[in-house]
Amino acid sequence: MIHPGVPAPNLAPLLGRDTLKRRGDATYRAFTTRSLLNRCSSRSMPFEWTVNPYRGCTMGCRYCYAAYTHEYLGSSVAEDFHASIYVKRDAPGETNRRLASAIRRGERIALGTATDPYQPGEADEGVTRRFLELVAQHRGVRLGITTKGAVILRDIDLLRRIHERGRLSIHVSLISLDTALLRRLEPWAPPPTVRLEVLRRLTAAGLDAGLSVSPVLPALTDSEADLEALLSRCAEAGVRRLSSTLLFLRSPTREKYFRWLEAEFPRYLEAYRRAYAGRVYLGGSYRARIRGLIERLRRRHGFDRIPEDEGATARFAVPPAQLALWSSTRT
Ligand code: SF4
(Lines give C-alpha, C1' and ligand atoms only; values in the text may rest on other atoms or scores of the structure.)
Protein backbone atom coordinates (compact mmCIF):
# COMPACT_ATOMS: atom_id res chain seq x y z
CA MET A 1 0.00 0.00 0.00
CA ILE A 2 1.34 3.44 -0.92
CA HIS A 3 1.18 6.28 1.59
CA PRO A 4 2.41 9.36 -0.29
CA GLY A 5 4.79 11.48 1.68
CA VAL A 6 5.81 8.88 4.27
CA PRO A 7 8.70 8.65 5.05
CA ALA A 8 9.96 11.13 2.47
CA PRO A 9 7.50 14.04 2.43
CA ASN A 10 9.72 16.05 0.11
CA LEU A 11 9.04 13.55 -2.66
CA ALA A 12 5.26 13.79 -2.36
CA PRO A 13 4.92 16.69 -4.82
CA LEU A 14 6.68 14.60 -7.44
CA LEU A 15 4.08 11.89 -7.35
CA GLY A 16 1.40 11.99 -9.97
CA ARG A 17 -1.95 12.28 -8.29
CA ASP A 18 -3.89 10.36 -10.85
CA THR A 19 -3.64 6.73 -11.51
CA LEU A 20 -2.91 6.37 -15.20
CA LYS A 21 -4.28 2.89 -15.56
CA ARG A 22 -4.29 -0.54 -14.04
CA ARG A 23 -2.81 -3.49 -15.91
CA GLY A 24 -2.98 -6.86 -14.29
CA ASP A 25 -2.05 -6.42 -10.66
CA ALA A 26 0.07 -3.35 -11.29
CA THR A 27 -0.98 0.26 -10.90
CA TYR A 28 0.77 2.84 -13.09
CA ARG A 29 1.12 6.45 -12.01
CA ALA A 30 2.93 9.41 -13.47
CA PHE A 31 6.04 10.65 -11.69
CA THR A 32 7.39 14.08 -12.55
CA THR A 33 11.15 14.45 -12.61
CA ARG A 34 13.51 17.13 -13.90
CA SER A 35 15.59 14.73 -15.95
CA LEU A 36 15.86 11.03 -16.69
CA LEU A 37 19.61 11.27 -16.13
CA ASN A 38 20.77 11.24 -12.52
CA ARG A 39 24.34 11.87 -11.47
CA CYS A 40 26.09 8.98 -9.70
CA SER A 41 28.80 10.57 -7.61
CA SER A 42 30.49 7.41 -6.29
CA ARG A 43 33.90 6.75 -7.79
CA SER A 44 33.53 3.01 -7.16
CA MET A 45 30.76 2.71 -9.75
CA PRO A 46 31.67 1.92 -13.37
CA PHE A 47 29.50 4.80 -14.62
CA GLU A 48 28.80 8.44 -13.84
CA TRP A 49 25.08 8.63 -14.67
CA THR A 50 22.06 6.41 -14.15
CA VAL A 51 18.78 6.34 -16.03
CA ASN A 52 15.73 4.57 -14.59
CA PRO A 53 12.66 5.34 -16.70
CA TYR A 54 10.39 3.79 -14.05
CA ARG A 55 10.24 3.42 -10.32
CA GLY A 56 9.21 -0.11 -9.46
CA CYS A 57 9.27 -3.14 -11.71
CA THR A 58 6.59 -5.68 -12.54
CA MET A 59 9.01 -8.55 -13.24
CA GLY A 60 8.53 -9.53 -9.60
CA CYS A 61 11.96 -11.02 -8.86
CA ARG A 62 12.04 -12.35 -5.31
CA TYR A 63 15.66 -11.32 -4.89
CA CYS A 64 15.27 -7.81 -6.35
CA TYR A 65 17.76 -5.55 -4.60
CA ALA A 66 15.91 -2.39 -5.67
CA ALA A 67 12.75 -3.12 -3.68
CA TYR A 68 13.67 -0.69 -0.94
CA THR A 69 13.66 2.27 -3.32
CA HIS A 70 9.89 2.43 -2.86
CA GLU A 71 10.51 3.37 0.76
CA TYR A 72 11.40 6.80 -0.58
CA LEU A 73 7.90 6.98 -2.00
CA GLY A 74 6.29 6.14 1.29
CA SER A 75 5.81 2.40 0.96
CA SER A 76 7.08 0.03 3.61
CA VAL A 77 5.92 -3.16 1.90
CA ALA A 78 8.59 -4.72 -0.33
CA GLU A 79 6.03 -6.27 -2.66
CA ASP A 80 4.75 -2.77 -3.58
CA PHE A 81 7.83 -2.37 -5.72
CA HIS A 82 6.28 -4.83 -8.18
CA ALA A 83 2.70 -3.60 -7.95
CA SER A 84 2.96 0.21 -7.91
CA ILE A 85 4.87 1.46 -10.90
CA TYR A 86 5.77 5.12 -11.37
CA VAL A 87 6.22 6.22 -14.96
CA LYS A 88 8.69 9.09 -15.22
CA ARG A 89 7.69 12.28 -16.98
CA ASP A 90 10.80 14.37 -17.50
CA ALA A 91 11.55 17.75 -18.97
CA PRO A 92 13.24 16.66 -22.23
CA GLY A 93 15.27 19.84 -22.38
CA GLU A 94 16.96 19.08 -19.06
CA THR A 95 17.51 15.41 -19.95
CA ASN A 96 19.11 16.47 -23.21
CA ARG A 97 21.27 19.07 -21.47
CA ARG A 98 22.63 16.46 -19.03
CA LEU A 99 23.09 13.97 -21.87
CA ALA A 100 25.14 16.47 -23.85
CA SER A 101 27.21 17.20 -20.74
CA ALA A 102 27.87 13.47 -20.18
CA ILE A 103 28.99 13.04 -23.79
CA ARG A 104 31.21 16.09 -23.69
CA ARG A 105 33.02 14.71 -20.64
CA GLY A 106 33.17 11.12 -21.93
CA GLU A 107 31.06 9.94 -18.98
CA ARG A 108 29.29 6.59 -18.88
CA ILE A 109 25.55 6.10 -18.51
CA ALA A 110 23.88 3.00 -17.02
CA LEU A 111 20.26 2.43 -18.07
CA GLY A 112 18.35 0.13 -15.72
CA THR A 113 20.08 0.14 -12.33
CA ALA A 114 16.95 0.17 -10.14
CA THR A 115 14.22 -0.98 -12.50
CA ASP A 116 13.99 -2.95 -15.74
CA PRO A 117 13.76 -0.43 -18.60
CA TYR A 118 12.05 -3.09 -20.73
CA GLN A 119 9.51 -4.34 -18.24
CA PRO A 120 6.12 -5.08 -19.85
CA GLY A 121 4.73 -1.58 -19.26
CA GLU A 122 7.37 -0.14 -21.58
CA ALA A 123 5.47 -1.56 -24.54
CA ASP A 124 2.75 1.04 -23.90
CA GLU A 125 4.56 3.80 -22.03
CA GLY A 126 7.66 4.05 -24.23
CA VAL A 127 9.74 6.08 -21.76
CA THR A 128 12.86 4.03 -22.48
CA ARG A 129 12.31 4.37 -26.21
CA ARG A 130 11.93 8.13 -26.01
CA PHE A 131 15.18 8.34 -24.09
CA LEU A 132 16.98 6.18 -26.65
CA GLU A 133 15.60 8.33 -29.47
CA LEU A 134 17.26 11.27 -27.77
CA VAL A 135 20.51 9.33 -27.34
CA ALA A 136 20.49 8.30 -31.00
CA GLN A 137 20.66 11.95 -32.03
CA HIS A 138 24.12 12.23 -30.52
CA ARG A 139 27.53 10.79 -31.30
CA GLY A 140 29.93 9.40 -28.73
CA VAL A 141 27.45 8.21 -26.07
CA ARG A 142 28.79 5.55 -23.69
CA LEU A 143 25.73 3.59 -22.63
CA GLY A 144 25.15 0.29 -20.80
CA ILE A 145 21.67 -1.31 -20.64
CA THR A 146 20.62 -4.08 -18.23
CA THR A 147 17.36 -5.94 -18.82
CA LYS A 148 15.40 -9.17 -18.76
CA GLY A 149 12.75 -7.81 -21.10
CA ALA A 150 11.96 -9.00 -24.61
CA VAL A 151 10.54 -5.55 -25.46
CA ILE A 152 14.13 -4.55 -26.18
CA LEU A 153 13.78 -6.28 -29.56
CA ARG A 154 11.33 -3.54 -30.59
CA ASP A 155 14.23 -1.08 -30.42
CA ILE A 156 16.89 -2.98 -32.36
CA ASP A 157 17.14 -0.38 -35.13
CA LEU A 158 17.56 2.39 -32.59
CA LEU A 159 20.13 0.38 -30.63
CA ARG A 160 22.11 -0.29 -33.79
CA ARG A 161 22.21 3.41 -34.54
CA ILE A 162 23.47 4.17 -31.03
CA HIS A 163 26.03 1.36 -31.30
CA GLU A 164 27.32 2.72 -34.61
CA ARG A 165 27.62 6.27 -33.29
CA GLY A 166 28.97 5.52 -29.79
CA ARG A 167 29.64 2.70 -27.35
CA LEU A 168 26.71 0.53 -26.34
CA SER A 169 26.81 -2.61 -24.19
CA ILE A 170 23.68 -4.63 -23.38
CA HIS A 171 23.46 -7.02 -20.44
CA VAL A 172 20.64 -9.56 -20.55
CA SER A 173 20.00 -10.99 -17.10
CA LEU A 174 19.43 -14.76 -16.95
CA ILE A 175 20.43 -16.83 -13.92
CA SER A 176 19.24 -20.32 -14.86
CA LEU A 177 17.68 -22.43 -17.61
CA ASP A 178 15.26 -24.01 -15.13
CA THR A 179 11.91 -22.65 -16.34
CA ALA A 180 9.92 -23.98 -13.40
CA LEU A 181 12.33 -22.48 -10.88
CA LEU A 182 12.40 -19.10 -12.64
CA ARG A 183 8.62 -19.01 -12.74
CA ARG A 184 8.72 -19.10 -8.97
CA LEU A 185 11.69 -16.75 -8.66
CA GLU A 186 10.93 -14.18 -11.36
CA PRO A 187 7.22 -14.74 -11.94
CA TRP A 188 6.59 -12.05 -14.57
CA ALA A 189 9.92 -12.08 -16.38
CA PRO A 190 10.20 -13.78 -19.79
CA PRO A 191 11.10 -17.48 -19.57
CA PRO A 192 14.68 -18.59 -20.27
CA THR A 193 13.95 -19.62 -23.87
CA VAL A 194 12.71 -16.12 -24.65
CA ARG A 195 15.75 -14.46 -23.10
CA LEU A 196 18.06 -16.81 -25.01
CA GLU A 197 16.28 -15.76 -28.18
CA VAL A 198 16.66 -12.09 -27.20
CA LEU A 199 20.40 -12.65 -26.75
CA ARG A 200 20.61 -14.47 -30.06
CA ARG A 201 18.81 -11.70 -31.98
CA LEU A 202 20.74 -8.86 -30.37
CA THR A 203 24.01 -10.61 -31.13
CA ALA A 204 22.92 -11.44 -34.68
CA ALA A 205 22.10 -7.74 -35.15
CA GLY A 206 25.74 -6.95 -34.47
CA LEU A 207 25.10 -5.50 -31.02
CA ASP A 208 27.39 -5.98 -28.06
CA ALA A 209 25.07 -8.13 -25.95
CA GLY A 210 26.29 -10.16 -22.98
CA LEU A 211 24.88 -12.59 -20.45
CA SER A 212 24.49 -11.29 -16.90
CA VAL A 213 24.23 -14.11 -14.34
CA SER A 214 22.98 -11.83 -11.61
CA PRO A 215 22.57 -12.81 -8.94
CA VAL A 216 23.90 -16.30 -8.35
CA LEU A 217 21.62 -17.78 -5.68
CA PRO A 218 23.16 -20.10 -3.07
CA ALA A 219 21.76 -23.64 -3.28
CA LEU A 220 19.25 -22.69 -6.00
CA THR A 221 21.28 -21.71 -9.08
CA ASP A 222 24.93 -22.11 -8.08
CA SER A 223 25.67 -25.72 -9.08
CA GLU A 224 28.34 -26.32 -11.67
CA ALA A 225 25.94 -28.41 -13.77
CA ASP A 226 23.32 -25.64 -13.92
CA LEU A 227 25.78 -22.87 -14.67
CA GLU A 228 27.52 -25.04 -17.22
CA ALA A 229 24.22 -25.64 -19.03
CA LEU A 230 23.39 -21.92 -18.96
CA LEU A 231 26.72 -20.75 -20.33
CA SER A 232 26.76 -23.53 -22.91
CA ARG A 233 23.37 -22.49 -24.33
CA CYS A 234 24.34 -18.85 -24.39
CA ALA A 235 27.59 -19.65 -26.18
CA GLU A 236 25.56 -21.60 -28.77
CA ALA A 237 23.38 -18.50 -29.20
CA GLY A 238 26.47 -16.52 -30.17
CA VAL A 239 26.96 -14.66 -26.87
CA ARG A 240 30.57 -13.85 -26.07
CA ARG A 241 30.38 -11.64 -23.03
CA LEU A 242 29.68 -12.56 -19.45
CA SER A 243 29.27 -10.89 -16.08
CA SER A 244 28.00 -12.08 -12.72
CA THR A 245 27.10 -10.92 -9.19
CA LEU A 246 26.40 -12.63 -5.91
CA LEU A 247 23.11 -12.38 -4.07
CA PHE A 248 22.88 -9.15 -2.09
CA LEU A 249 20.34 -9.17 0.74
CA ARG A 250 19.49 -6.00 2.58
CA SER A 251 16.21 -4.98 4.11
CA PRO A 252 13.42 -5.13 2.93
CA THR A 253 14.59 -7.56 0.21
CA ARG A 254 16.09 -9.84 2.87
CA GLU A 255 12.76 -10.28 4.67
CA LYS A 256 10.87 -10.66 1.39
CA TYR A 257 13.31 -13.25 0.05
CA PHE A 258 13.26 -15.20 3.32
CA ARG A 259 9.44 -15.20 3.31
CA TRP A 260 9.56 -16.61 -0.19
CA LEU A 261 12.15 -19.24 0.79
CA GLU A 262 10.03 -20.29 3.74
CA ALA A 263 7.07 -20.85 1.42
CA GLU A 264 8.92 -22.41 -1.52
CA PHE A 265 12.15 -23.95 -0.21
CA PRO A 266 11.82 -24.21 3.58
CA ARG A 267 14.70 -26.69 3.75
CA TYR A 268 17.16 -23.92 2.82
CA LEU A 269 15.81 -21.20 5.11
CA GLU A 270 17.89 -21.91 8.19
CA ALA A 271 21.12 -22.25 6.22
CA TYR A 272 20.41 -18.91 4.52
CA ARG A 273 19.64 -17.24 7.84
CA ARG A 274 22.92 -18.48 9.29
CA ALA A 275 24.98 -17.61 6.21
CA TYR A 276 23.55 -14.07 5.93
CA ALA A 277 23.50 -13.30 9.66
CA GLY A 278 25.15 -9.91 10.09
CA ARG A 279 26.09 -9.54 6.43
CA VAL A 280 24.44 -8.50 3.18
CA TYR A 281 26.34 -10.76 0.82
CA LEU A 282 28.57 -13.80 1.11
CA GLY A 283 32.30 -13.28 0.91
CA GLY A 284 35.17 -15.54 1.85
CA SER A 285 35.28 -19.09 0.55
CA TYR A 286 31.81 -18.98 -1.02
CA ARG A 287 32.63 -15.93 -3.09
CA ALA A 288 35.97 -17.45 -4.08
CA ARG A 289 34.31 -20.72 -5.09
CA ILE A 290 31.67 -19.08 -7.29
CA ARG A 291 34.14 -16.68 -8.78
CA GLY A 292 36.48 -19.58 -9.63
CA LEU A 293 33.64 -21.62 -11.09
CA ILE A 294 32.39 -18.78 -13.29
CA GLU A 295 35.92 -18.09 -14.45
CA ARG A 296 36.48 -21.75 -15.41
CA LEU A 297 33.20 -21.87 -17.31
CA ARG A 298 33.93 -18.54 -18.96
CA ARG A 299 37.17 -19.88 -20.39
CA ARG A 300 35.65 -23.24 -21.33
CA HIS A 301 32.95 -21.59 -23.41
CA GLY A 302 35.08 -18.83 -24.86
CA PHE A 303 33.39 -15.82 -23.22
CA ASP A 304 35.23 -12.52 -22.99
CA ARG A 305 35.46 -10.69 -19.73
CA ILE A 306 33.31 -7.58 -19.47
CA PRO A 307 35.67 -4.70 -18.73
CA GLU A 308 34.67 -2.99 -15.54
CA ASP A 309 34.36 0.42 -17.11
CA GLU A 310 31.56 -0.30 -19.55
CA GLY A 311 28.55 0.73 -17.57
CA ALA A 312 27.51 -2.78 -16.55
CA THR A 313 25.59 -2.99 -13.31
CA ALA A 314 26.77 -6.57 -12.94
CA ARG A 315 30.08 -6.95 -11.19
CA PHE A 316 31.27 -9.19 -8.45
CA ALA A 317 32.69 -6.42 -6.35
CA VAL A 318 29.74 -4.03 -6.38
CA PRO A 319 26.96 -4.37 -3.82
CA PRO A 320 24.09 -3.75 -6.26
CA ALA A 321 21.82 -2.11 -3.74
CA GLN A 322 24.15 0.84 -3.74
CA LEU A 323 23.25 1.37 -7.36
CA ALA A 324 19.60 1.50 -6.44
CA LEU A 325 20.27 3.93 -3.62
CA TRP A 326 22.00 6.39 -5.86
CA SER A 327 19.34 6.05 -8.50
CA SER A 328 16.53 6.52 -6.07
CA THR A 329 17.80 9.50 -4.17
CA ARG A 330 18.63 11.72 -7.11
CA THR A 331 15.85 12.93 -9.32
S1 SF4 B 1 13.89 -7.27 -13.41
FE2 SF4 B 1 15.45 -6.29 -12.11
S3 SF4 B 1 14.45 -4.43 -11.30
FE4 SF4 B 1 12.85 -5.80 -12.12
S5 SF4 B 1 12.10 -6.97 -10.33
FE6 SF4 B 1 13.71 -8.17 -11.37
S7 SF4 B 1 15.63 -7.64 -10.32
FE8 SF4 B 1 14.12 -6.06 -9.80
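All ligand and atom numbering here is 1-based and tracks the order in the structure. What's counted below: heavy atoms across the whole structure, side chains too, no hydrogens, waters or symmetry copies.
No more than 12 heavy atoms of other residues, nucleotides or ligands shown are found within 6.0 angstrom of CZ on Arg160.
Lys148 NZ, 4.0 Å is the protein heavy atom nearest to atom 2 (Fe) of ligand 1. Among all protein heavy atoms, the one lying closest to atom 8 (Fe) of ligand 1 is Cys64 SG, 2.3 Å.
Ligand 1 lies nowhere less than 4.0 angstrom from a heavy atom belonging to Glu186. Gly60 counts as a contact of ligand 1, since one of its heavy atoms falls under 4.0 Å from the ligand.
No side-chain heavy atom of Glu48 sits less than 4.5 Å from a side-chain heavy atom of Arg142. Inter-residue side-chain proximity for Val213 and Thr221 is flagged as unmet; no heavy-atom pair is nearer than 4.5 Å.
In summary, no N, O or S atom of Cys61 is located under 2.8 Å from atom 8 (Fe) of ligand 1.
Residue Asp116 has at least one heavy-atom neighbour below 4.0 Å for each of these atoms of ligand 1: 1 (S), 3 (S). The Cys57 neighbourhood of ligand 1 comprises atoms 1 (S), 3 (S), 4 (Fe), 5 (S), with distances under 4.0 Å to a heavy atom of that residue. Residue-ligand proximity, His82 to ligand 1, at heavy-atom distances under 4.0 Å covers atoms 5 (S).
Remark: the Tyr28 side chain and the Asp124 side chain contain no N/O donor-acceptor pair separated by less than 3.5 Å. Under 3.5 Å, the side chains of Asp90 and Ser35 contain no donor-acceptor pair of N or O atoms.
Using modelled atom types, one side-chain atom of Glu122 and one backbone atom of Arg129 make a donor-acceptor pair closer than 3.5 Å.
The aromatic rings of Phe303 and His301 sit perpendicular to each other, their planes meeting at more than 60°, with 30° as the lower class boundary.
Contact annotation: for Thr115 versus ligand 1, heavy atoms closer than 4.0 Å belong to the backbone alone.
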